[in-house]
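Everything below concerns the one structure shown next.
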Protein chains: 2
Amino acid sequence: MKEVLPHFNSTFSIDCVLFGFDEGELKILLIERNEEPFKDWWALPGNLVAMDESLDQSAARILHELTSLSNVYMEQYYTFGDVNRHPQGRVVSIAYYALLRLGGDKSPKPLSTYAKQAHWINVKELPKLAFDHQQIFDKGLEKIKRRIKHQPIAFELLPEKFTLTQLQNVYEIILNKKLDKRNFRKKMLSFGVLKDLEEKQKGVSFRAATLYKFDKRRYAKLFGKEISF
Amino acid sequence: MKEVLPHFNSTFSIDCVLFGFDEGELKILLIERNEEPFKDWWALPGNLVAMDESLDQSAARILHELTSLSNVYMEQYYTFGDVNRHPQGRVVSIAYYALLRLGGDKSPKPLSTYAKQAHWINVKELPKLAFDHQQIFDKGLEKIKRRIKHQPIAFELLPEKFTLTQLQNVYEIILNKKLDKRNFRKKMLSFGVLKDLEEKQKGVSFRAATLYKFDKRRYAKLFGKEISF
DNA sequence: TTAACATAGTGTATTTTTCACACTGAAATT
DNA sequence: AATTTCAGTGTGAAAAATACACTATGTTAA
């Protein structure tokens with residue numbers, strides 16, 4: 001039987017794909033490992049699950065350690081358990097993705113021992129990843145592609161106040177295709193879950209667009225009805 | 001720290017919701033436990049994952065031990081990891097569902113030690129379940145409800161040759177609503193993934209219906225296009 | 001043999017949704 | 001005042017979804 005990892009009496013871990021949206025780019029947070037195995041490789045942030053924390057708590061902790069953020073939209077999406085996915089033992093990893101608003105100085109924390117650095121990296125320019133993390137990322141991206149079609153998750157990537165163009169941008173980048181502006185607006189507004197803030201964008205060097213916010217109350221009242229793109 | 005279970009050096013398990021369809025009813029396989037904790041309770045079939053098997057293999061093994069079946073449609077759908085979900089220690093459980101064709105003598109095997117008996121039970125008449133198995137079942141049912149709308153999984157619950165009425169039945173029971181016969185047939189046939197076998201149902205005491213089979217080749221050629229109900 | 005029964009199988013009209021498509025308007029910059 | 005940049009808007013055509021009820025065929029039992 002294989003050697004079990006030290007430190008925790010536990011053989012399962014969490015890996016997180018932290019998605020962030022900034023200036024029209026979809027990025028994820030990667031760390032550069034400072035420990036074997038895969039020392040100096042880029043990897044998804046992750047950690048062993050402590051004995052006294054639930055999976056959700058563990059994922060939230062990892063996110064918090066890196067970004068100091070709490071109350072972020074996170075979702076468990078798959079568990080990876082191939083026998084040899086970790087070279088030092090049997091580690092089953094439960095994958096989560098998170099969606100968060102970048103911009104401003106949401107830079108990740110300096111990391112003590114287990115990573116040299118952490119950076120937001122455009123999903124179109126990912127380096128080679130440690131372990132089976134490429135596979136974990138792929139499945140996570142696929143997941144949000146499916147989910148954005150039916151669930152109001154795009155708003156999690158935007159600031160509270162956003163323009164319709166920014167919203168369309170999120171859809172276009174995640175779905176990886178151009179959408180028609182008029183049709184997008186018509187459909188999006190028809191769901192009745194956006195609140196017109198009667199307020200304009202600021203600091204742009206052209207005509208300012210109207211700001212909207214996502215109205216959770218109204219969304220909750222839709223019940224069965226589904227958003228669909 | 002809590003005591004870890006004996007027998008396996010592993011603290012994760014698989015639980016399976018085995019769905020079967022028979023005579024218009026959706027059923028799952030439940031076992032009556034023969035061991036503490038929850039001795040004499042009904043539970044989902046499950047087991048600890050061995051160190052040398054992947055999660056998928058483990059799920060397939062559990063299914064096989066109960067039904068002698070292999071090559072069944074199974075899918076991992078969620079991992080349950082609350083700290084206290086198992087009274088004797090920290091056990092994270094990865095949930096799978098399977099879809100299989102009942103009818104004939106697909107009765108579950110006699111079980112040696114860990115269960116007294118196993119039965120197919122209508123999902124509308126479930127007893128109280130051990131552990132957090134009600135929650136695991138609920139999420140599994142929810143999952144196939146979503147999935148049947150876009151993926152060709154209904155066929156997994158039917159014999160190879162089936163009538164359109166039987167197929168409609170599967171949809172109605174899983175989606176839990178009546179569908180219009182003419183619209184259902186029109187739409188289903190329009191996907192072009194059913195092969196008319198030019199053959200009639202046998203042994204019925206009324207006009208026999210045409211038999212169809214699901215044509216995987218044609219489905220594969222649809223690529224992006226999605227089935228949608 | 002025929003009447004009763006049970007389910008198979010079929011078409012159309014209406015409404016709703018999707019899709020394709022291009023210009024004018026407002027604000028800022030030079 | 002001219003230029004630039006993006007905001008914002010409507011219509012017609014095609015496709016898809018929905019609502020709806022009768023005839024056809026085979027079996028069974030009188």
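Lettering follows sequence order; numbering is per chain, from 1. Everything numeric in this text was worked out from a predicted model, so none of it was measured.
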Return the value, rounded to whole Å, for the distance between atom CG of A:Leu211 and atom P of D:dA7. 11 Å
Phosphate OP1/OP2 of C:dC5: any B:Ser205 side-chain N/O under 4.0 Å: no
Side-chain atoms of A:Lys181 come closest, of D:dA21, D:dG8, C:dA8, to D:dG8
In whole angstroms, how far is the C1' atom of C:dA26 from the CD atom of A:Gln201? 13 Å
Rounded off to whole Å, could you give me the NZ-to-C1' distance for the B:Lys178 and D:dC20 pair? 15 Å
Would you say B:Ser54 and A:Asp82 are linked by a side-chain donor-acceptor pair, where the criterion is simply a distance under 3.5 Å? no
Value in whole Å for how far the C1' atom of C:dC21 lies from CG of A:Asp180: 7 Å
When you check the gap from the basic side-chain N to the acidic O, do B:Lys216 and B:Glu160 get nearer than 4.0 Å? no
Does B:Thr163 reach a base, just sugar-phosphate, or nothing at all? Heavy atoms under 4.0 Å. nothing
Donor-acceptor contact present, side-chain A:Ser58 to main-chain A:Leu55, <3.5 Å: no
Identify, residue by residue, the members of residues 168-177 of chain A with a heavy atom below 4.0 Å from DNA chain C, and return them in order of residue number, or none. none
Separation of B:Phe206 atom CZ from D:dG26 atom C1', in whole Å? 10 Å
Is the backbone N or O of A:Lys128 less than 3.5 Å from a side-chain atom of A:Gln134, with the two atoms forming a donor-acceptor pair by type? no
One thing to verify: whether A:Asp215 and A:Arg218 come together as a salt bridge, which I'm taking to mean a side-chain N less than 4.0 angstrom from a carboxylate O. yes
Between the protein and nucleotides 12-18 of chain D, list the N/O to N/O atom pairs that are separated by less than 3.5 angstrom.
| from | atom 1 | to | atom 2 | distance (Å) |
| --- | --- | --- | --- | --- |
| D:dT18 | O4 | B:Lys186 | NZ | 3.4 |

Check for me whether B:Lys195 meets the cation-pi criterion with B:Phe214, that is, NZ or CZ under 6.0 Å from the six-membered ring centre and within 45 degrees of the ring axis. no
Looking only at atom types and distance, does a side-chain atom of B:Arg33 sit under 3.5 Å from a main-chain N or O of B:Ala130, one as donor and one as acceptor? no
Is the backbone N or O of B:Leu44 less than 3.5 Å from a side-chain atom of B:His133, with the two atoms forming a donor-acceptor pair by type? yes
Please report the distance, rounded to the nearest Å, between CG in A:Leu179 and C1' in C:dT18. 13 Å
Side chain of A:Arg207 (C-beta onward), nearest among C:dG11, D:dG8, C:dG9: D:dG8
Decide yes or no, distance alone: a donor-acceptor N/O pair under 3.5 angstrom between the base of D:dG8 and the side-chain of A:Arg185. no
Over how many whole Å does the gap from A:Leu167 atom CG to D:dA7 atom C1' extend? 15 Å
Just to be sure I understand the rule, does B:Lys202 reach a base, reach only the sugar-phosphate, or reach nothing, if contact means heavy atoms closer than 4.0 Å? nothing
Separation of atom CG in B:Leu189 from atom P in C:dA8, rounded to whole Å: 14 Å
Sorted by chain and number, sequence neighbours left out, side chain to side chain contact (heavy atoms under 4.5 Å, CB included) with A:Lys200 holds for A:Ala208, A:Thr210
